[in-house]
Amino acid sequence: MSKTSYQQRKERFTTDSEIEIKASYPKIEVADEAPGKFPFTRGVQDDMYRSKLWTMRQYAGFSTAEASNERYHYLLKNGTTGLSVAFDLPTQIGYDSDHEFADGEVGKAGVAIDSLRDMEILFKGIQLEQVTTSMTINATASTLLAMYVALAKKQGADISKISGTIQNDILKEYAARGTYIYPPKPSMRIITDIFEYCSKEVPKWNTISISGYHIREAGANAAQELAFTLANGKAYVEAAMAKGLNIDVFAKRLSFFFNAHNNLFEEVAKFRAARRMWAKITKGLGAKDERAMMLRFHTQTGGSTLTAQQPQNNIIRVTTQALSAVLGGTQSLHTNGFDEALALPTEEAARIALRTQQIIALESGVADTVDPLAGSYFVEALTNEIEEMAWQYINKIDAMGGAVEAIEQGYMQDEIARSSYKYQRDIQSGEKIIVGVNKYQIEEKPMDNLFTVDDAIRVQQIEKIKQLKSERNNEQVTQLLAQLDETAKNGNNLMPVILNCCEQYATLGEIADTLRNVFGEHKA
């Protein structure tokens, strides 16, 4: 019988990383790897979700601490198992709400936190020993962590038992996002100070979430996201070891943060390859404890993939992306609201996003066995190919002297820009289809009931700061800030002094400005 001829939909099929996809895949030799065993391709636990599902987080934070606290209680009531805090831009770059640069941004992209008093309100009615909290904060991570620890102490918690994560990944800020304050070298010093402090005082805290998410959002493809993230991770490990820290201790508290985009199989392969590569990297750097070689990661569905056109389509996109994260073995997951291309998510959108995770977990069956796609000729081949492509990038970065040097030379930024340009060009040409954007468009009415943040929030925050400064011991705050200045200059660990400042209600801006005066500001 003769072979049926047909016309392919496209001349060539590829993943987002330009890995060619064949019509079918021959049998492939697969390493005899077990889940929970080096190099962890199949997962970091031998039973994965059979004993415990991933942590279901919903990234939330807006307006005032009071408003965000209300949303956190709503999410916890609806089944969220971990909190994930978004901070506004002034908080992220070390400005109090009364600073002139904060005008127009207070409470907009996240919650405004100016002092420990705001942190007390943010977590009112929430016992910090009973939740895990992830905080997306980088340049001011030391201060926000200190406020969190100070609050836990005020609640009477044993700080050795509190758990959570600070993002604390400044290198990706230089490469992709831009919310940095200090130059790279003092920034790396602050990060390693946090590593050292937490290893002794807050041992259950994940001291950094090395983030590929924002690298991907800036336009990188999957292979670049993987490579640049692991290269940054390698730089943090080397910096900590240079400070004299034991890799078998601190590496157990490193976590990663990846993006999940629409190409389901490439994303699954990316997550599997990430674990295998990180295990090899840490072992090569001298780790002997297998737990220090495990890559644990949080995933967020792709914000840049959400469309303002036909926003309900985003529910399907988020479902596909969340499924890839679960099939890839994530430890924690945030699903975006369908309306986030237009505004901060409404309660309805946040609930649908959370229900998406719950349905995948409890109704789909994909969490019932470990690494369900293992042994698939396609997925195994794709895992190998994306790993090989990522190693090529890492080898180039190593040849430049590492991630810090590659960023200072603009290498990562240029590669991300090229990838972003190609992606947009492919959409405009129709080579890449985005349903509702360049195909299957309809006439649409503007969405009703979008979430908005009142500009009067800044006035409220300024009044809070004025009241705080009239009630605290200003002489003591001045002395502590002078001590912080001296510690920044003498090279001792900054965290104990920052904690003392926070406990006496020094503001975030005052602490950041003290360090600015010593370290200077980074200029792109």
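Atoms considered below: every heavy atom in the structure, side chains included; atoms not considered: hydrogens, waters and symmetry mates.
Atom NZ of K283 has 12 or fewer neighbouring heavy atoms from other residues, nucleotides or ligands inside a 6.0 Å radius. The environment of E70 atom CD is sparse: at most 12 non-hydrogen atoms of other residues, nucleotides or ligands sit within 6.0 angstrom. Atom NZ of K153 has 12 or fewer heavy atoms from other residues, nucleotides or ligands within 6.0 Å. Other residues, nucleotides and ligands contribute more than 12 heavy atoms inside 6.0 Å of the CD atom of E471.
Under the ring-ring contact (aromatic ring centres under 6.0 Å, His included) rule, F228 has a single partner from F256, Y393, F258, Y213, which is Y393. No option in R117, K124, K464 other than K464 meets the salt bridge (Lys or Arg N to Asp or Glu O under 4.0 Å) test with E66. The one candidate from W54, F271, F257 that meets the ring-ring contact (aromatic ring centres under 6.0 Å, His included) condition with F297 is F271.
Classification of R291 and D248 as a salt-bridged pair fails, no side-chain N sitting under 4.0 Å from a carboxylate O. Using a cut-off of 4.0 Å between Lys/Arg side-chain N and Asp/Glu carboxylate O, E486 and K489 are scored as not salt-bridged. Between K172 and E217 no salt bridge is recorded (no basic side-chain N to carboxylate O distance below 4.0 Å).
Remark: the Y74 side chain and the R351 side chain contain an N/O donor-acceptor pair separated by less than 3.5 Å. Side chains of D169 and S211: no donor on one and acceptor on the other come within 3.5 Å. Inspection of the Q92 and R177 side chains reveals an N or O donor paired with an N or O acceptor under 3.5 Å. With hydrogens and angles left out, the side-chain atoms of T330 and T299 include a donor and acceptor closer than 3.5 Å. Of the N and O atoms on the side chains of T514 and D485, not one donor lies less than 3.5 Å from an acceptor on the other residue. In this model, no donor atom of one side chain and acceptor atom of the other lie less than 3.5 Å apart for S209 and N168. Side chain to side chain, R317 and T307 meet the donor-acceptor criterion of an N or O pair below 3.5 Å. Of the N and O atoms on the side chains of R71 and N69, not one donor lies less than 3.5 Å from an acceptor on the other residue. Counting only N and O atoms by type, the side chains of Y236 and T192 include no donor and acceptor under 3.5 Å apart. A donor-acceptor contact closer than 3.5 angstrom is absent between the side chains of T229 and N232.
Using bins of under 30°, 30° to 60° and over 60° for the plane-to-plane angle, the ring pair Y180/H522 lands in the perpendicular bin.
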Worked verdict on N259 versus Q300 for side chain to side chain contact (heavy atoms under 4.5 Å, CB included): CA-CA 5 Å; N259 207 309; Q300 181 173 338; over 6 Å; no
side-chain hydrogen bond (donor to acceptor under 3.5 Å, both in side chains) between T64 and Q460, intermediate numbers included: CA-CA 9 Å; T64 60; Q460 296 175 33; 5.1 Å; no
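Relative to the six-membered ring of F101, R458 misses at least one condition, a distance below 6.0 Å or an angle of at most 45° to the axis.
You'll find the ring centres of F40 and W278 outside the 6.0 Å limit.
Atoms OG1 and CG, on T487 and D193 in that order, are 10.0 Å from each other to the nearest 0.5 Å.
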